[in-house]
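Heads up, the thing below is written out as C-alpha cells.
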Amino acid sequence: MSSPAFRSLPLSTTQLSLAAVLRCGQSFRWSVLPLSDQHSPHEYRLCLRDRVVCLRQTSDTLLYRSVYLPQPSSPKEEAVKDAETLAWIRDYFQLDVDLMELYSQWSSMDPVFEKVKDRFEGIRILRQDPFECLLSFICSSNNNISRITKMVQSLCTQYSPPLLSLPPPKDGTEGPLVPYHPFPPPSALAAPEVAAKLRSLGFGYRADFIQKTAKMLVDAHGNDTSTSMQEPAEKWLLTLRQLSTSDARTELLKFMGVGRKVADCVLLMSLDKREVVPVDTHVHQIAVKHYGLPGSSKSKATMTPKLYDDVSMKLVEKWGDYAGWAHSVLFTSDLKAFANYGLDGSSSSPSLSKIAMPSSASPSPTKRKRATTKAVEGNTVTDAVASTVEEFDELSLAERVKRRRQVCLKVSAK
DNA sequence: GGTGTACCCGCT
DNA sequence: GCGGGTACAC
C-alpha cells in the first residue's frame with residue numbers, strides 16, 4: 001500500500017488536542033501509534049468505510065492523509081479524495097466552532113473552569129457517527145475506557161472485514177502490516193447468534209443489548225445490504241439530528257441497554273445536542289465537590305432520575321449553550337488517565353481533583369426550581385433544556401417500559 | 001413513581 | 001467490592 005505524503009492544516013492545539021480528544025472516552029476506535037518525532041509523538045488512525053484517515057499534530061499544524069480503497073487512479077482523483085478527507089476532518093472535529101471563544105466564555109462564567117482551562121486546552125466534542133456512538137456507549141455501562149476500547153475493537157474485527165492493511169508509521173522502518181476494519185453496519189450485528197459470540201468475547205450482559213439494539217434497528221428500518229455505503233438504519237439515526245433534544249432522546253431510550261446516561265452521550269457526541277450534559281457518578285462527584293450540588297462527596301448515592309436531572313440542569317445553568325462541551329473539559333480533567341496531561345512545565349494548572357472546593361460552595365439550593373420561568377418564547381438554552389427535562393420526567397417508567405416492549409414485540413413478531 | 005438488585009468482567 | 005448503568009420487579 002502506498003504512503004502518500006501528509007497534507008497540512010494550520011490549527012493550534014488550543015483549538016484541538018488530539019492527545020486529549022481521541023483518548024478521553026468519546027470515540028473508542030482510534031489507533032494511537034508511537035512516533036519518534038518529538039513534535040508529534042503519535043500518529044492517530046481511524047478506519048472509515050473507504051479510507052483510513054491518519055493524523056499527526058504539532059503545536060500549530062494538523063497533518064493529515066488518507067489511504068483509500070479503491071486507490072485513486074490518478075493524482076487528480078487523489079486530490080479530490082484528499083479534499084473529501086479534509087471536509088470530513090472539519091466536520092468530525094467541528095472545526096467551525098471556535099474553542100478559544102468558548103473557553104473564555106466558560107471562564108468568565110465559572111471560576112472552577114478558569115482554574116483548569118490552561119492545562120486542558122483543545123478539548124472539544126467530536127461529531128461521531130450515531131450508530132457507532134450508540135453501540136460504543138451501550139458498551140460503556142459499568143465499564144472503563146480501556147475495556148470499552150477492547151470491546152469496540154472486537155466488534156470491528158469480528159463483524160466487519162478489513163478494508164486494507166498498513167505498516168506502522170515508524171519513520172523509515174518497515175513493520176508488519178496491520179489490518180484496519182471499519183465499524184460494522186447494523187445488519188452484521190442483528191443475528192441472534194451474535195449475542196452468544198459477544199458473550200464469549202467478554203462483553204458480559206452488554207452482548208444481548210448490542211444484538212437486540214442492532215436487530216431493532218434493522219427490523220424497524222430494513223437492511224439494504226446492497227453495495228450502498230450506509231444502511232437505512234444508519235441513515236435513520238442520522239435524521240435524529242433534525243429532531244429536538246427531547247424527541248431524539250425519546251427515540252434513543254427505546255433501544256435495549258440505553259438509559260438516560262447512554263442516550264445523553266449519543267445526543268451530545270453524535271446528534272449535535274451540544275447543551276446536553278451526560279451525568280454519571282463521576283460527573284455527580286464533580287458537581288457535589290465544585291458546584292454545591294446536594295450529596296455527600298463520599299457516599300455514592302444511586303443515580304435516580306431526579307438526581308440526574310438536578311445535576312444536569314445545574315451544570316447547564318452554569319455553562320449555558322455549549323454546556324455539554326464544557327462538561328467534557330471538566331470530565332477529562334478529572335480522568336485519572338490524564339493526571340499528568342499537560343504538565344510540560346509551561347503550565348501550572350492543577351487537575352480538577354487537586355482544586356479545593358470553593359469555601360462558599362453555593363449554599364445547597366433549598367430546592368431545585370423547575371423551569372417555571374419561561375423566558376422569551378423558550379429561547380434561552382437553559383429554558384430549552386429545562387423543558388426537555390420536564391418532559392422526560394413526565395415520561396413514567398411504566399410508559400418507557402411499555403414503549404420498549406412494543407418495539408421488542410414488533411421485532412420478535414417478524 | 002421511587003427504590004432495590006442482578007448483571008459480566010477486570011481492576012484496586 | 002466496586003465501577004463511566006440498565007432492566008426488571010416491587
Side-chain angles (χ1 to χ4, degrees), chain A residues 23-28 123 125 133-155 194-213 216 249 252-269 276-288 298-312 315 324 327-339 352-353 368 370 389-409 411:
Chain A
R23 298 199 281 193
C24 68
Q26 291 191 52
S27 170
F28 302 92
I123 297 173
I125 294 294
C133 195
L134 178 63
L135 266 57
S136 298
F137 282 93
I138 286 175
C139 293
S140 78
S141 71
N142 258 315
N143 214 341
N144 54 57
I145 290 179
S146 106
R147 183 149 82 114
I148 300 166
T149 302
K150 283 179 194 141
M151 289 162 67
V152 171
Q153 269 178 14
S154 288
L155 286 181
V194 169
K197 177 72 177 289
L198 290 181
R199 265 184 192 270
S200 76
L201 289 168
F203 279 64
Y205 58 83
R206 305 163 199 84
D208 301 271
F209 294 161
I210 302 253
Q211 183 268 326
K212 286 191 170 121
T213 289
M216 286 169 76
R249 181 185 285 126
L252 293 174
L253 287 173
K254 293 174 183 171
F255 296 107
M256 291 299 291
V258 179
R260 177 72 189 267
K261 159 67 165 53
V262 170
D264 280 1
C265 286
V266 176
L267 288 170
L268 174 65
M269 301 177 194
V276 171
V277 177
V279 177
D280 49 41
T281 54
H282 219 163
V283 170
H284 179 221
Q285 293 305 310
I286 294 176
V288 169
K298 36 181 283 186
S299 77
K300 283 136 192 176
T302 52
M303 186 56 60
T304 64
K306 169 162 168 44
L307 179 56
Y308 189 112
D309 287 344
D310 286 348
V311 173
S312 191
L315 296 178
H327 139 278
S328 172
V329 178
L330 270 283
F331 179 77
T332 302
S333 79
D334 206 40
L335 277 179
K336 283 180 197 152
F338 285 77
L352 188 58
S353 55
R368 277 284 79 254
R370 280 302 180 193
V389 162
E390 272 193 351
E391 285 178 41
F392 182 85
D393 236 8
E394 289 162 7
L395 190 59
S396 72
L397 182 59
E399 182 60 18
R400 289 175 57 201
V401 170
K402 201 163 92 186
R403 289 189 196 186
R404 206 190 291 273
R405 286 250 173 70
Q406 282 171 350
V407 182
C408 287
L409 285 175
V411 164

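Given the structure is predicted, the values throughout are model-derived calculations rather than measurements. In the text below, chain A, chain B and the rest are named by the order of the sequence lines, each starting its count at 1.
The distance between atom NZ of A:Lys212 and atom C1' of C:dT6, rounded to the nearest whole Å, is 12 Å. Straight-line distance from the CE atom of A:Met151 to the C1' atom of B:dC8: 9 Å, rounded to whole Å. Between the CZ atom of A:Arg147 and the P atom of B:dG10 there is a distance of 6 Å, given to the nearest Å. Computed from coordinates, the A:Ile148 CD1 to B:dC8 P distance equals 17 Å when rounded to whole Å. Taking atom NE2 on A:His327 and atom P on C:dG4, their separation rounds to 13 Å, with Å as the unit. C:dG5 atom P lies 12 Å from atom CD of A:Gln285, rounded to whole Å. Taking atom NZ of residue A:Lys150 and atom P of nucleotide B:dC9, one finds them 14 Å apart after rounding to whole Å. Atom P of nucleotide C:dA7 and atom CE of A:Met216 are separated by 10 Å, given to the nearest angstrom.
Straight-line distance between the P atoms of B:dG4 and C:dC2: roughly 15 Å, to the nearest whole Å. Taking atom C1' on both C:dG1 and B:dT5, the two are 15 Å apart, rounded to the nearest angstrom. Using atom P as the reference point in both B:dC8 and C:dA9, the two lie 15 Å apart (nearest Å).
In this structure, A:His284 contributes its side chain and A:Thr281 its backbone to no donor-acceptor pair below 3.5 Å. Distance alone, capped at 3.5 Å, places no donor-acceptor pair between the A:Arg249 side chain and the A:Ala263 backbone. A donor-acceptor pair under 3.5 Å is absent between the side-chain atoms of A:Arg260 and the main chain of A:Asp309, judged by distance alone.
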Could you go through the side-chain contact (heavy atoms from CB on, under 4.5 Å) check for A:Leu198 and A:Leu155 one step at a time?
-> CA-CA 8 Å; A:Leu198 290 181; A:Leu155 286 181; 3.8 Å; yes
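Between the side chain of A:Arg206 and the base of B:dC8, at least one donor-acceptor pair of N or O atoms lies under 3.5 Å. A donor N or O paired with an acceptor N or O is not found under 3.5 Å between the base of B:dC7 and the side-chain atoms of A:Arg199. The base of C:dG5 lies outside donor-acceptor range of the side chain of A:Tyr308, with no N or O pair under 3.5 Å.
Screening A:Cys265, A:Ser328, A:Ser136 for a side-chain contact (heavy atoms from CB on, under 4.5 Å) with A:Gln26, the sole residue that qualifies is A:Ser328.
Comparing C:dT6, B:dC9, C:dG4 by their nearest atom to the side chain of A:Ile145 picks out C:dG4. Of the candidate nucleotides B:dC7, C:dG4, C:dA7, C:dA7 has the atom nearest to the side chain of A:Met256.
Across all strands shown, A:Cys24 has heavy atoms under 4.0 Å from base atoms, whether or not it also approaches the sugar-phosphate. As judged by a 4.0 angstrom heavy-atom cut-off over every strand, A:Val283 is placed among residues making no nucleic acid contact. At a threshold of 4.0 angstrom between heavy atoms, the contacts of A:Asn142 include nucleobase atoms, whether or not backbone atoms are also involved. Among the atoms of the strands shown, only primed sugar atoms or phosphate atoms (P, OP1, OP2) are found under 4.0 Å from some heavy atom of A:Phe209. Using a 4.0 Å heavy-atom distance criterion, A:Gly202 is classed as a sugar-phosphate-only contact.
Look at A:Thr281 and you'll find a side-chain N or O under 4.0 angstrom from OP1 or OP2 of C:dG5.
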